[in-house]
Amino acid sequence: MAEEALVVVDVQNDFCPGGALGVEGGHDIVPIINQLMGEFEHVILTQDWHPADHSSFASQHPGKAPFETVQMPYGEQKLWPDHCVQGTHGAEFHPDLVTTRAELIIRKGYHREIDSYSAFFENDRTTPTGLAGYLRERGISRITLAGIATDFCVAYSALDARSHGFNVTVLLEACRGIDLNGSLDAMIRQMRDAGTTIR
Ligand code: VGL
Ligand code: ZN
């Protein structure tokens, strides 16, 4: 069988309850993911990793509040509370997440002027993170995605993986979403339409 990787997206303190961008039930998926890891040959983690003055932070846009949008050179960008700042507790993985099996930790969002939801491309959808090359070079053609947030970093990763031709499954019980104005249903539909298996 083609080799398959479990890609665990952004299971970090700031995306769990009590965190700066806490997602309801974010911590509930940790034991599920830990157990899943045992079923995969390859485990890859992603880590949202922003400089303190990152342009996706509402705090960098006078007069703007979190969850409003701004126009960036690469298109529309949603603004967030300051989160996952490099080197802070909020940017660390949830303390119960097992990280020993990870063969690669891919950090993203470290360029001040551009956000990066996807594990594959920054939000201009053209600057690669290198993950596609890593997977291809290692003969991995199938990925399963789990993590936070279903409707942002997980969904963008799934869509980009499909556009690269990978076979993609998203395990909803191992994901939690932010769900802004119906974004969860909308992104699940988009992922399905793009040929992602949603389980
Ligand atoms: C994420 C918003 C901002 C995510 C990251 O992991 O889905 N969402 N940064
Ligand atoms: Zn972020």
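All heavy atoms count here, side chains included; hydrogens, waters and symmetry mates do not. In listed order, ligands and their atoms are each counted from 1.
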Taking backbone and side chain together, does [X] place any N/O/S atom at a distance below 2.8 Å from the Zn ion (ligand 2)?
X: His50; result: yes
X: His83; result: yes
X: Asp115; result: no

What N/O/S atom of Asp48 gets nearest to the Zn ion (ligand 2)? OD2
Return yes or no for this condition: an N or O of [X] is under 3.5 Å from an N or O of ligand 1.
X: Ala149; result: yes
X: Ile178; result: no
X: His83; result: yes
X: Asp48; result: yes
X: Asp10; result: yes
X: Ile148; result: yes

Looking at Asp115 and Lys108, is there a salt bridge between them, counting it only when a charged N and a carboxylate O are closer than 4.0 Å? no
Check Glu103 with Arg138, please: is the shortest side-chain N to carboxylate O separation under 4.0 Å? yes
Can you find a non-hydrogen atom of Lys78 under 4.0 Å from ligand 1? no
